[in-house]
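Counting starts at 1 for both ligands and their atoms, in listed order.
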Amino acid sequence: MKPLVIGLGQCSLDILGQVDNYPELDEKAELNSLLVQGGGPVATALVTLSRLGVPVAMAGAVGDDDFGRQIREGLIQENVDCTYLMQSAQSSSQVAFVSVDAQGHRNIFWHRGTAHPVFSERLPGLLSDSVRILHLDGLHLDPAIAAAKLARRQAVTTVLDGGTLRPGSEELLPFIDHLVVSEKFARQFIGRDDPEAAIQGLLGYGAVEVTVTMGRSGSLSMGKGLSPILQPAFAVGAIDTTGCGDVFHGGYVYGLLQNWPLERTLRFAAACAALKARALGGRTAIPTLPEVESFLSSQDEQQTPEVIG
Ligand SMILES: Nc1ncnc2c1ncn2[C@@H]1O[C@H](COP(=O)(O)OP(=O)(O)OP(=O)(O)O)[C@@H](O)[C@H]1O
Ligand SMILES: [Mg+2]
């Protein structure tokens with residue numbers, strides 16, 4: 001099936017371990033369980049969409065190492081089209097060590113890898129007629145900007161997962177329609193802990209909607225002509241929050257494809273992210289569409305979005 005969504009960005013191999021307590025410096029800690037699984041913001045958002053039944057394709061790069069082979073295999077197993085996933089010669093893949101504590105908090109140590117996507121010649125083929133949404137994370141800034149500019153010309157909607165504000169990130173922002181950023185990105189952007197002020201500033205770049213995700217505190221969204229929306233996180237007794245943001249983005253893009261009002265999209269995205277947190281690994285517990293629907297219908301009225309002001 002031709003892809004409706006193309007993701008251009010990071011794909012990694014995650015090595016995850018559950019630990020009771022973090023060790024002091026120079027100490028050891030035994031891992032209760034260990035899991036090796038594909039990860040990365042764009043890649044895991046695409047896996048989410050695929051589980052929800054959306055045809056998707058991944059553009060990015062892996063190294064010519066065993067990690068790269070595992071990353072590709074993991075995506076193919078999830079029905080993610082990897083035609084545009086390049087393998088760079090003599091380069092390394094992105095890898096992350098993730099430690100998860102008894103409360104579901106995760107610490108990530110990651111290696112960027114040296115594989116870097118280059119799309120100068122292949123770019124026009126990337127956004128084929130079927131593609132409605134381009135999902136980016138902006139780590140590889142030049143190809144992201146080139147793809148986002150092309151998307152604008154072809155009326156393809158662009159979504160950015162802003163995890164960390166890096167030098168040059170602002171150059172990408174004018175080409176983004178839906179900006180969904182982490183608390184860290186918002187803090188870096190505005191210089192203080194003030195998601196609402198960050199959103200106001202970010203809206204100045206032209207996005208129709210800007211959301212800041214705030215972990216277990218939920219998310220805050222604002223858009224042109226909309227009152228601010230606070231979507232609480234669903235209480236699930238999280239085992240592992242690795243990839244909650246990535247899966248939230250997958251759910252958000254799903255809502256865009258359905259042309260849902262923002263409130264419904266945010267509630268759906270929060271449900272996807274909460275369900276993901278039920279098990280170790282960024283992808284293990286990503287839900288199917290019937291699972292999200294039955295979860296949402298089981299929730300009480302308190303979980304409907306709070307419209308502020
Ligand atoms: N403990 C939790 N329980 C339920 N839902 C959660 C929890 N943590 C996060 N979420 C959901 O996931 C969304 C995104 O989480 P978060 O803000 O941590 O993303 P992030 O900072 O991009 O993290 P990452 O990219 O590492 O996954 C939140 O808005 C919330 O809906
Ligand atoms: Mg994130």
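For Ser50, the side-chain hydrogen bond (donor to acceptor under 3.5 Å, both in side chains) test picks out no residue, with sequence neighbours left out. By the ring-ring contact (aromatic ring centres under 6.0 Å, His included) test, Trp260 is found to be paired with Tyr254, Phe268, residues two or more places apart in sequence or in another chain being considered.
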Residue pair Val5, Arg132: steps toward the side chain to side chain contact (heavy atoms under 4.5 Å, CB included) verdict: CA-CA 6 Å; Val5 179; Arg132 288 181 50 198; over 6 Å; no
Do any side-chain atoms of residues 133-147 form donor-acceptor pairs under 3.5 angstrom with protein atoms, and if so which ones, sequence neighbours left out?
from	atom 1	to	atom 2	distance (Å)
Asp137	OD1	Leu139	N	3.4
Asp137	OD2	Gln10	N	2.8

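Between Lys149 and Glu171, none of the side-chain N atoms (NZ, or NE/NH1/NH2) sits under 4.0 Å from a carboxylate O, so this pair counts as no salt bridge. One finds a salt bridge joining Arg152 and Asp177 here, because a Lys/Arg side-chain nitrogen approaches an Asp/Glu carboxylate oxygen to under 4.0 Å.
The protein residues lying under 4.0 angstrom from ligand 1, judged by non-hydrogen atoms, are Arg106, Ser182, Thr213, Met214, Gly215, Arg216, Gly218, Ala233, Phe234, Ala238, Thr241, Gly243, Cys244, Gly245, Asp246, Phe248, Ala270, Ala273, Ala274.
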